Every structure is written in C-alpha cells, then in structure tokens.
Amino acid sequence: MARPRVDQQRVRQTGRSGQRAQGLPHRRGHRQRHGHAGALHRRRQGRLRRLGRRLREAGDRGPRQRFFHLLRAPQPDPGRPRGAGAQGGPGRADGRHRQHDRPPRPLRDSPLWSAGEPHQVHADPQVTAPVRTRFAPSPTGTLHIGGARTALFNWLFARRHGGTFILRMEDTDQVRSTRESVEQVLRDLRWLGLTWDEGPAGDDQGSVGPYGPYFQSQRREIYVRYLDKLQTAGLAYPTFESKAEVEAEREAAIAEGRAPSGAFEEATADQVQAMREKGLEPAWRFRMPESGVTEFEDLVHGSMRFENRLMADFVIVRSDGMPTYNFAAVVDDALMRITHVLRGDDHLSNTPRQVCLYRALGFEPPAFAHIPMILGADKQRLSKRHGATAVGEYRAQGFLPETLLNYLALLGWSLDDKTTLIETEQLVAEFSIERVTKHAAVFDPVKLAWMNGHYVRKADPARLAPLIREQFLKAGLERPEGPWWTRLASALKEKVRALSELPAENAFLFRREAPEPEARAKFLACGGPGMLAGLLELLRGAEFEPGPLEAALRGHCEAQGIKFKDAVAALRCGVSGRLVTPGLFETLTLLGREECLARLGEAGGWS
RNA sequence: GGCGCCUUGGUCUAGCUGGUUAGGACGCCGCCCUCUCAAGGCGGAGAUCACGGGUUCGAGCCCCGUAGGCGCUACCA
C-alpha cells in the first residue's frame with residue numbers, strides 16, 4: 001500500500017526510549033499530587049453543582065449540559081506547535097449542539113495530531129436529533145445482572161427519546177465467544193422485553209439494520225480498512241514485542257521509579273516482511289498524542305480530563321488480526337451512528353483513549369454516560385459466588401421480567417424520594433440520565449425477591465398458570481393443562497416470592513404424603529377426631545366452591561358449637577398433613593371432593 | 001507505582017440555590033387484621049451523612065486536607 005505524506009507522520013519518534021520519557025517532569029511525592037488533584041476535582045464539582053442548580057432553577061431544559069460550556073473558560077490557544085492543528089479541535093464556541101444531526105465526517109478530512117492541543121468533545125443530554133444507543137455484550141457467557149442493567153438503561157434512554165436501540169455482539173475474543181452464548185443473550189434480552197431495532201436477527205449469525213453486520217467477528221475487513229487509514233496517517237504502527245516483554249519493561253520501569261515509556265518499538269517494513277516470512281504477524285498500536293490533554297463531558301460524572309502523556313500507545317489490532325475492544329468499539333459506534341454511549345464506569349478510564357481514536361479517524365465522539373457498577377454483598381464485582389447472577393437463572397426460578405426491570409432500574413437510578421414500584425411503561429416515560437447515581441450499588445437478592453412477590457400478586461392468574469406449572473413439572477409434579485392451574489395460580493400467588501418455592505410447599509396438592517408430625521398433633525389437639533363425622537358429612541353435601549364451602553362450614557360450626565378455627569385446623573391438617581397451606585377453601589376445591597373425603601378418612605386413623 | 005472514579009442506617013436510595021425531628025424502600029422487631037402462612041395496615045430500633053480541619057449565626061450540602069474502596073494502566077471486554 002502507498003504510504004504518502006511520510007513527513008507528517010513523524011509526530012513522535014519511534015523507539016522505546018522515545019522523547020516522551022525525557023519530557024517527563026521530575027517525580028513529586030505521589031501522595032501530595034494525588035491530594036491536590038482530588039481537591040481540584042472537588043472544587044470543580046462544586047462549581048458544576050452550583051451552576052447546575054442555578055440553571056435548573058432558571059428553567060433551563062437540560063440542567064447538566066448547559067453549564068458545562070459555561071464553565072469551560074475559552075481555551076487558550078496553545079500556540080499550535082504543529083501546523084495541522086488549525087483544523088483540529090471541535091470546539092464549540094457557538095455553544096450549539098450539533099453533533100447529533102451530523103454524520104461522522106469522512107475520513108479523508110481526518111486531522112493529524114497536533115501535539116499540545118486539547119481534544120475536547122462535548123456531551124449533550126438534551127436530545128436534538130434521533131437518539132441511537134447500543135448494548136454491546138461480549139458473548140462469553142450468559143447475560144448477567146450487570147449487563148442487563150446496562151442494556152436496560154440504553155433501552156430506556158432510546159425509548160424515552162423515541163430513538164433506536166442497537167444490539168451488537170462484541171465477539172472478537174474468538175476463544176471465549178460462543179454461539180451458544182449469543183443465543184442465550186438474545187433469549188434473555190427478549191425475555192426481559194429489551195427489544196432491539198438493529199442487530200442480530202433470529203438465533204443465527206444474521207443481522208437486521210442498515211449498519212450491519214452487528215457481529216464484530218464479521219466486520220474484520222472494516223477494522224482492517226480503518227487500521228490502514230490510521231497507518232497511512234502515521235497514527236498506527238506495527239510491533240512484535242510480546243506481551244511478556246511489554247510487561248517486563250513496565251514492571252522494570254515502575255521498580256526503578258521511572259514512568260514506563262508510552263511508546264513501543266516500531267517494526268520497520270523490512271522487519272515486518274521478514275517476520276511474515278516466518279509466519280508471524282505484528283500487533284498494531286495506536287499512536288497516542290504525547291502531550292496535551294483529552295477532555296470530554298460525561299453525562300453522569302461531569303467534566304473529565306486526562307493527560308495524554310500518561311497514556312501509552314495501545315494495541316488496536318492483535319497479531320491474529322482481530323481488533324481490540326477500544327478500537328472495534330470506536331469504529332463500530334461511529335459507523336453505527338451511536339449518539340449516546342451508556343456503559344459501566346469501568347470504562348471511564350478507557351474513554352480518553354477512545355476519544356483520541358475518534359479524533360484520529362475523523363469521527364465526532366458520541367456523548368458518554370458512565371453508569372455505576374453493580375457489586376455483590378462483599379462489595380466485590382458481582383460473580384458466581386454471589387449466588388444467582390445470570391438473568392436466565394432468575395427466569396428459571398420464576399421471576400417475572402417486570403420485576404427485574406424495576407429492580408435493576410433502581411440500581412443506580414431513582415425516580416424521586418419515595419417511589420420504589422415502577423411499571424416498565426412509567427420507567428420508559430420517566431427515565432433520565434440526570435438521575436443516575438455515581439457510586440456503585442450492591443445487588444440485593446432479598447429485595448428483588450420481595451419485589452417479585454409484588455409483581456406476581458399483581459399478575460393475572462392465567463398468565464401465571466403456565467409459569468407455575470413449569471415449576472411443578474420441574475419438581476416432578478404433573479397434572480394436565482387446564483383451568484385447574486389457573487385456580488392454583490390464584491390461590492398461590494398471594495404468598496409467593498420466587499415461583500420456584502412453590503412445589504416444595506405444595507406437593508401435597510398432587511399426591512398424598514406422610515403428614516408432618518406437627519400437623520398430625522394439631523389435628524388431634526384441635527379435636528379433629530371428634531369432628532370428623534360431621535365434617536365428612538358436610539363435605540359430601542356442600543357445593544365444592546370456596547365461597548359456599550366457607551359458608552357451609554361456618555354454619556356447621558355455629559350449629560354444632562364448634563370453634564371455626566378448630567374446624568379449619570382439623571380440615572387443613574387432615575386434608576394436607578401440613579400446618580401451612582393456601583387458603584383452606586381454595587385448598588379443598590383444588591383437591592376435589594373425593595380426594596378430601598379420602599384423606600380425611602385416613603386422618604381418622606391418626607393417633 | 002501512575003492516572004481516574006466513588007464514599008448518606010446492614011442494603012437500594014432522596015435530600016434541588018446551606019436552616020429538614022436527614023425522607024422513602026428492602027431487611028429486622030412489635031402490634032393490628034386473620035382459617036394457617038403470607039399479603040396488607042400501624043408503630044419501632046437502626047445514620048455523629050468516610051474521617052479531620054475550616055468558612056458561616058447555622059454544613060450531609062461550600063472550602064482545605066486525609067483515609068478507604070473500586071476501575072484503568074492487557075495482543076480481556
């Protein structure tokens with residue numbers, strides 16, 4: 001390939017002892033520096049907050065976005081150490097927000113780096129053009145709670161603004177990505193109702209949408225094309241340094257108290273050729289600006305600022321030809337016209353690198369919103385040892401999708417000071433990035449279970465019936481489909497949390513079991529044997545529906561001078577062999593007259 | 001090591017321009033309701049707002065500093 005404009009590419013000298021190390025200031029006590037930076041940050045935050053309030057009060061539509069540019073003092077022109085800078089930084093002197101209605105610039109306009117020039121992007125939560133968000137999981141396992149929450153926020157934001165929600169599979173890690181995992185993720189998202197407008201279609205490797213394919217593994221040529229552009233512009237270079245070598249160098253640098261070099265040994269064309277003849281391909285690194293700062297506005301964290309010289313050249317294409325996350329995500333987000341990137345804040349530190357890539361490629365960066373992570377009870381990243389963390393597990397345990405949506409929405413977001421139960425529809429209507437929290441949240445399965453109880457109670461028994469049947473089937477308790485299941489559902493839904501708890505407590509409805517000793521004792525204690533004849537008589541004659549049955553029993557007790565409670569206890573224990581059951585009259589009708597009579601007869605033999 | 005982010009009861013959170021008995025929810029305890037258990041209703045315990053200074057008549061909110069947790073610094077994403 002042609003390699004024009006070589007002169008412009010000499011943004012930085014190559015070689016591992018490149019200039020940048022020399023340019024480093026003398027190390028100061030890190031503690032002192034750290035504290036200072038923190039203070040600066042806090043001060044800035046304080047100013048932001050005050051400005052934000054002022055603006056909000058003034059009736060400004062978008063509290064957060066406006067004050068950012070007010071805050072930003074006119075950027076002093078650093079003197080443009082290198083000529084290319086003239087067309088650089090996006091600036092936003094006019095204070096308008098136009099990135100959304102402008103497609104990414106064609107690459108040939110790509111400005112080269114100009115060292116020392118701040119690279120700024122602006123974020124604008126005030127939506128002026130169609131919103132496009134995406135969820136981009138790597139299919140290396142099932143959909144987890146954290147991923148589901150990220151997907152939810154992206155989905156909510158898109159739906160809230162009438163935008164487009166895109167699903168993209170980041171399957172560049174060929175060894176860990178599996179077809180099975182893709183299917184599971186699709187299935188779980190569908191179950192949650194987080195439907196996507198563009199992305200994988202069906203369960204195969206197909207895609208729908210104008211910017212596909214939506215599997216990164218199918219987009220290799222695209223990444224190669226953009227790598228070529230970067231290389232041509234002198235912003236990417238090949239290296240053969242192994243991972244071990246890189247690590248050794250870094251550790252040595254730290255041990256010696258010097259900053260690790262940000263540059264790596266660039267292989268010459270001859271070297272690349274020679275290695276290729278030996279069957280080795282280089283990895284490609286992106287050339288970071290060696291000075292200046294990269295700034296961007298984060299919709300939840302505010303103004304972010306990173307020094308370029310502290311970020312090393314990073315690999316964008318591996319020696320196996322696959323792009324790395326930071327590269328593929330940027331190329332795809334740009335090409336797919338993503339306007340708002342909502343993702344876990346573990347990506348916050350990667351963002352300046354990505355912003356540099358956007359710039360290098362001539363793309364306008366999207367708005368970023370880094371949402372807090374979800375942790376386990378021990379405040380560590382959520383993982384298997386925290387119990388069920390996969391969406392699929394919750395589905396299998398009989399959780400309702402609206403439960404997950406409601407609960408997950410409240411992890412890092414709130415509507416107001418007292419709303420806990422929020423229907424999905426309301427979520428869509430009310431979601432706002434401005435109310436997203438900054439700190440990590442601990443996932444609490446107990447609260448989730450409570451919430452599921454609420455939604456199960458709210459649900460239509462006819463909807464619950466097949467779900468409940470599935471749970472019993474799993475426990476080996478069968479019964480043909482039919483209205484009986486709907487009646488069971490309405491009897492059971494009042495006292496449940498996870499539907500999976502049901503079979504253990506209610507197996508007696510399906511088969512006779514040895515009575516619990518406590519139930520047997522209670523049957524005797526409440527005078528069961530003495531009432532038996534009367535109760536059998538009553539059951540034989542009564543209309544077998546909950547209402548009439550209750551009326552009949554109350555009448556019977558009245559006439560016989562029996563305590564209603566005792567009669568209930570006798571029937572419950574006698575018929576179920578248990579202390580706790582669904583409502584007695586529902587239980588009786590579920591069992592049916594004949595079965596009740598038979599079981600009561602057996603109970604007559606207890607002693 | 002460097003850089004970055006975060007910090008209100010056990011947990012999720014509210015707290016908008018400084019003045020609230022720091023509000024709500026889960027969980028916990030008690031009472032009521034009640035055919036058991038739940039659900040529901042009512043009430044209670046539980047927060048020196050990470051810590052230390054400062055400004056102020058007054059600070060969870062502002063300023064300075066410290067600590068802790070987490071993330072990035074990978075040819076993981």
Side-chain angles (χ1 to χ4, degrees), chain A residues 27 30-31 33-39 41-43 46 49-50 52-54 56-57 63 136-138 140 170 172-173 176 239 241-243 246-247 250-251 253-255 257 259-260 283-285 298 301 304-307 310-312 314-320 322 324-326 328-329 344-350 352-353 370 372-373 375 377 379-381 407 410-414 416-421 437-444 446-451 453-454 457 494-497 505 522 550 553 564-569 571-573 578-585:
Chain A
R27 290 179 72 236
H30 71 274
R31 186 153 296 186
R33 275 174 80 180
H34 176 80
H36 188 54
H41 166 70
R42 271 193 297 278
R43 190 182 314 142
R49 204 172 294 178
R50 264 176 284 135
R53 285 170 187 163
R54 201 173 308 152
R56 206 168 316 171
E57 183 144 89
S138 61
T140 56
E170 306 222 327
T172 57
D173 186 337
R176 294 199 299 147
T239 64
E241 284 172 286
S242 72
K243 192 172 167 181
V246 171
E247 271 170 18
R250 200 177 75 89
E251 276 165 28
I254 289 172
W284 292 81
R285 285 184 186 270
D298 186 277
H301 291 280
M304 294 295 123
R305 182 185 169 90
F306 294 80
E307 280 196 68
L310 266 11
M311 293 181 280
F314 56 94
V315 172
I316 53 176
V317 174
R318 299 188 271 245
S319 49
D320 67 359
M322 275 300 190
T324 60
Y325 166 75
N326 279 314
D345 65 17
D346 47 337
H347 289 299
L348 192 53
S349 300
N350 275 149
R353 290 172 239 277
H370 287 93
M373 311 240 297
L375 310 176
K379 308 256 183 178
Q380 296 299 114
R381 264 180 125 114
Y407 180 75
L410 258 20
L411 245 33
W413 179 84
S414 64
D416 54 32
D417 58 338
K418 49 196 54 167
T419 307
T420 303
L421 270 359
T437 272
K438 291 177 170 188
H439 54 270
V442 172
F443 177 70
D444 180 7
V446 176
K447 187 165 184 176
L448 210 215
W450 162 80
M451 196 175 277
H454 167 82
R457 257 166 261 126
E494 297 308 322
K495 50 202 314 177
V496 74
R497 289 165 105 84
E505 295 294 314
K522 181 154 190 185
E550 178 168 0
L553 186 65
F564 183 69
K565 269 190 187 225
D566 286 341
V568 165
L571 280 170
R572 163 172 290 118
C573 295
R578 296 188 136 260
L579 241 27
V580 176
T581 73
L584 175 66
F585 306 101

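Fair warning: this is a prediction, and the values are worked out from it, not measured in the lab. Just so we're on the same page: letters track the sequence lines, and every chain starts at 1.
- If you check every strand for non-hydrogen atoms under 4.0 Å, A/Tyr407 touches nothing.
- Among all heavy-atom pairs drawn from A/Val442 and A/Leu411, the shortest one is O-CD1, 4.2 Å.
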Which letter, B, S or -, goes with each nucleotide of nucleotides 71-77 of chain B from 5' to 3', with contact meaning a protein heavy atom under 4.0 Å?
BSBSBSB

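- Residues passing the side chain to side chain donor-acceptor pair (under 3.5 Å) test with A/Arg176, sequence neighbours excluded: A/Asp173.
- Under the rule for a ring pair (Phe, Tyr, Trp, His ring centres under 6.0 Å), the partners of A/His347 that lie at least two apart in sequence or sit in another chain are A/Tyr325.
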Set out, line by line, the N/O atom pairs under 3.5 Å between protein and nucleotides 28-34 of chain B.
none

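- By the side chain to side chain donor-acceptor pair (under 3.5 Å) test, A/Arg381 is found to be paired with A/Asp346, residues two or more places apart in sequence or in another chain being considered.
- Comparing the P positions of B/C76 and B/G40 gives an interatomic distance of 50 Å, to the nearest angstrom.
- Rounding to whole angstrom units, CG of residue A/Asp417 and C1' of B/U20 are separated by 12 Å.
- Shown here are the ring pair (Phe, Tyr, Trp, His ring centres under 6.0 Å) partners of A/Trp413, two or more places apart in sequence or in another chain: A/Phe431.
- Atom name C1', nucleotides B/A59 and B/G53: the rounded distance is 14 Å, in whole Å.
- Within the nucleic acid shown, A/Gly583 comes within 4.0 Å of at least one base atom, counting heavy atoms only.
- Among residues two or more places apart in sequence or in another chain, the ring pair (Phe, Tyr, Trp, His ring centres under 6.0 Å) test is passed with A/Phe585 by none.
- Under the salt bridge (charged side-chain N to carboxylate O under 4.0 Å, His left out) criterion, A/Arg353 pairs with no residue at all, not counting sequence neighbours.
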Contact letters for nucleotides 40-48 of chain B, in which S counts primed atoms plus P, OP1 and OP2 and B counts the base, heavy atoms under 4.0 Å
---------

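- Remark: A/Arg572 engages A/Thr581 in a side chain to side chain donor-acceptor pair (under 3.5 Å) (not counting sequence neighbours).
- In terms of polar N and O atoms assigned as donor or acceptor, the side chain of A/Lys447 comes within less than 3.5 Å of the base of B/A25 in a complementary pairing.
- Listed pair A/His439 / B/U7 meets the phosphate criterion, a side-chain N or O lying under 4.0 Å from OP1 or OP2.
- Side-chain N/O atoms of A/Lys438 include one lying less than 4.0 angstrom from OP1 or OP2 on B/C6.
- The side chain of A/Arg572 sits closest to B/U36 out of B/U36, B/U11, B/G4.
- Contacts of A/Leu411 with the nucleic acid, taken as non-hydrogen atoms under 4.0 Å apart, involve only primed sugar atoms and P, OP1 or OP2.
- A/Glu494 is linked by a salt bridge (charged side-chain N to carboxylate O under 4.0 Å, His left out) to nothing, counting only residues two or more places apart in sequence or in another chain.
- Scored by the side chain to side chain donor-acceptor pair (under 3.5 Å) test, A/Thr419 finds A/Asp416 as partners (sequence neighbours excluded).
- The nearest whole Å value for the distance from the CZ atom in A/Arg497 to the P atom in B/A38 is 10 Å.
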